[in-house]
Amino acid sequence: MKKTPTEEKFSDFYEKWVCQLEENLTFLVQDHSDYQNLIAKITTHHKNYYRVKWAAAHEDVCAFYNPVWLTPLENAYLWVTGWKPSAVFRFVETLRRTGTGLTDLTDEQVKRIEGLRMKIKMEEEKVEREMERQQVGMADRRMMELVARGEGGDEVAVVAVVSGLERMMKMGDCVRLKTLKGLLDMMSPKQCVELLAAQSMFHVKLRKLDLKL
């Protein structure tokens, strides 16, 4: 099936974005001379992703609910067009349990992280309730395309559905950004780098694993 212009453009962007993420990961793992610069580099990289994503979604939001640029394995981890926010807390737990990072978190930090985790869980549930409300409207992309070409249906209703999908996507993205910012704000520069490295490594390896299969 031929890609739409938005799918084509975002596929190219995403491939380059992941390559840059892998390059940034090399610095996160090897260069410990300037934590602040490393953190700024990776967070700017993430912000750029959402900037481009939101602009592309405004042109064709449906593409992000069936992203052709993702591998089947990446799609399996998808939650409202992106990674599930609560997954980051599992990174924190895994790093501490295995002794591969965040071993110097204080009791106070652990308590604050747990508080944030509970808040984010509530935010996720709010997004999921919105998603349930949108289920009926998300019926069939083919129907939307037919309406867009004037071949039948209620175009006003479709515009409302598309608007709802875009709003829901941004709700999910905002929870993702809030999660990452909340955790980084609680951590020392060294701890931030350890968390960002773990998250980036998972993202890169997940994609590479599926591409090799």
Might you confirm whether atom OH of Tyr50 has over 12 heavy atoms from other residues, nucleotides or ligands at distances under 6.0 Å?
yes

Report the C-alpha separation of Phe91 and Phe202 in whole Å, then their side-chain angles, then the decisive distance to 0.1 Å, and conclude whether the side chain to side chain contact (heavy atoms under 4.5 Å, CB included) test is met.
CA-CA 9 Å; Phe91 284 131; Phe202 176 80; 3.5 Å; yes

Side chain to side chain contact (heavy atoms under 4.5 Å, CB included) between Val88 and Arg176, intermediate numbers included
CA-CA 9 Å; Val88 184; Arg176 283 182 268 273; over 6 Å; no

Using atom types as modelled and distance alone, determine if a side-chain donor or acceptor of [X] lies under 3.5 Å from a backbone N or O of [Y].
| X | Y | result |
| --- | --- | --- |
| Gln36 | Pro189 | no |
| Arg207 | Val18 | no |
| Tyr65 | Val80 | no |
| Lys178 | Pro85 | no |

Go through it in stages, so that I can follow the logic: the residues are Glu166 and His58, the test is side-chain hydrogen bond (donor to acceptor under 3.5 Å, both in side chains), and I'd like the CA-CA distance, side-chain angles, deciding distance and then a yes or no.
CA-CA 7 Å; Glu166 191 173 353; His58 193 61; 3.0 Å; yes

Measuring from [X]:[atom1] to [Y]:[atom2], what's the distance to the nearest 0.5 Å?
| X | Y | atom1 | atom2 | answer |
| --- | --- | --- | --- | --- |
| Ser200 | Leu25 | OG | CG | 6.0 Å |
| Lys190 | Leu102 | NZ | CG | 7.5 Å |
| Leu38 | Leu28 | CG | CG | 5.5 Å |
| Leu70 | Ser11 | CG | OG | 8.5 Å |
| Thr71 | Leu209 | OG1 | CG | 8.5 Å |
| Cys192 | Leu183 | SG | CG | 9.0 Å |

Determine, for [X] against [Y], whether the closest basic-nitrogen to carboxylate-oxygen distance falls under 4.0 angstrom.
| X | Y | result |
| --- | --- | --- |
| Arg117 | Glu124 | no |
| Lys170 | Asp173 | no |
| Asp185 | Lys181 | yes |
| Arg167 | Glu130 | yes |
| Lys9 | Glu59 | yes |

Pair listing, ring pair (Phe, Tyr, Trp, His ring centres under 6.0 Å) test, anchored in residues 101-120, at least two apart
none

Whether Trp17 and His46 hold their rings parallel, tilted or perpendicular, with breakpoints at 30° and 60°:
perpendicular

Relative to the ring of Phe10, is the ring of Tyr14 parallel (under 30°), tilted (30 to 60°) or perpendicular (over 60°)?
parallel

Does Lys119 form a salt bridge (charged side-chain N to carboxylate O under 4.0 Å, His left out) with Glu123? I'd like the steps, not just the answer.
CA-CA 6 Å; Lys119 288 179 182 177; Glu123 294 274 359; over 6 Å; no

Looking at every non-hydrogen atom in both residues, tell me the closest pair between [X] and [Y] and how far apart they are.
| X | Y | answer |
| --- | --- | --- |
| Ala56 | Thr6 | O-CG2, 3.6 Å |
| Leu21 | His45 | N-NE2, 3.5 Å |
| Leu95 | Leu195 | CD1-CA, 4.3 Å |
| Glu7 | Ala63 | CG-CB, 3.8 Å |
| Ile120 | Ser86 | CG2-N, 4.4 Å |

Can Thr81 and Lys53 be counted as having a side-chain donor-acceptor contact under 3.5 angstrom?
yes

If the test is side chain to side chain contact (heavy atoms under 4.5 Å, CB included), which one of Arg129, Glu128, Met122 qualifies with Lys126?
Arg129

What pairs with Pro5 under side-chain contact (heavy atoms from CB on, under 4.5 Å), at least two apart in sequence or on another chain?
none

Show, in sequence, the C-alpha distance, side-chain angles and deciding distance for Ile113 and Leu105, and conclude whether the side chain to side chain contact (heavy atoms under 4.5 Å, CB included) test is met.
CA-CA 10 Å; Ile113 288 171; Leu105 283 176; 4.0 Å; yes

Does a side-chain heavy-atom distance below 4.5 Å link Asp12 with Trp69?
no

Begin with the C-alpha distance, continue with both residues' side-chain angles, and end with the deciding distance and a verdict on side chain to side chain contact (heavy atoms under 4.5 Å, CB included) for Gln191 and Val92.
CA-CA 10 Å; Gln191 292 166 344; Val92 175; over 6 Å; no

Suppose the criterion is side chain to side chain donor-acceptor pair (under 3.5 Å): which pairs have a residue in residues 88-103, not counting sequence neighbours?
Thr98-Thr100

Could you tell me if the ring centre of Tyr49 sits under 6.0 Å from that of Trp54?
no

